[in-house]
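Encoded as structure tokens, the structure appears first; notes follow it.
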Amino acid sequence: MLDSNKPVVEDTEENRQICRKYCANCQNYRKHALGDHQPTGLFCALGKSSAPNMREIGCFCPACELFTKYHSRGGYFCVRR
Ligand code: SF4
Ligand code: SF4
């Protein structure tokens, strides 16, 4: 569940493009073929991936400008948002 007290990352094409710079290059994304499952990105806004048997093997979120902008914590939003 999203914390209602936190500002929410908006689902915009601009934010999706920012996300692609990080998620699409991350080991976790490639290993689990996250592009083949919904949502395909912007997990911090759209929720975790529907890909099965997800593990946590490297996350680039802490380097993402949206992560900083929205004071996010933890990363691995594709696994446990
Ligand atoms: S914080 Fe992570 S999931 Fe959210 S936009 Fe950035 S790279 Fe994508
Ligand atoms: S949320 Fe983190 S671990 Fe998941 S695909 Fe994006 S950068 Fe990789």
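First listed ligand is number 1; within each ligand, the first listed atom is number 1.
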Should Cys78 and Lys48 count as side-chain neighbours, where that means a heavy-atom distance under 4.5 Å? no
query = Quick one: does Tyr76's side chain have a donor or acceptor within less than 3.5 Å of a partner on Gly58's backbone?
reply = yes
Here the atoms of ligand 1 under 4.0 Å from any heavy atom belonging to Leu66 are 5 (S)
Is the shortest side-chain heavy-atom distance between Ile57 and Tyr29 below 4.5 Å? no
For atom 4 (Fe) of ligand 1, the closest protein heavy atom turns out to be Cys44 SG, 2.3 Å
Q) With a 4.5 Å heavy-atom cut-off, do Phe77 and Phe67 have their side chains touching? A) yes
ask   = Side-chain contact, heavy-atom cut-off 4.5 Å: Asn25 with Arg20?
value = no
Going by the 4.0 angstrom heavy-atom rule, the piece of Cys64 near ligand 1 is side chain
So the atoms of ligand 1 within less than 4.0 Å of a heavy atom of Leu42 turn out to be 5 (S)
Report for atom 2 (Fe) of ligand 2, protein N, O or S closer than 2.8 Å, by chain and number, lists Cys59 SG
Exercise for the section: Would you please determine whether Ile18 falls within less than 4.0 Å of ligand 1 on a heavy-atom basis? Expected result: no
Please check if atom CD in Glu13 has more than 12 non-hydrogen atoms from other residues, nucleotides or ligands closer than 6.0 Å. yes
Check ion pair Glu56-Lys31 (N to O, under 4.0 angstrom):
no
Item checked: Donor-acceptor side-chain pairing of Tyr70 and Glu65 below 3.5 angstrom -> no
of all protein heavy atoms, closest to atom 5 (S) of ligand 1 is Cys19 CB, 3.4 Å
The single option from Val9, Leu34, Val79 that satisfies side chain to side chain contact (heavy atoms under 4.5 Å, CB included) with Phe43 is Leu34
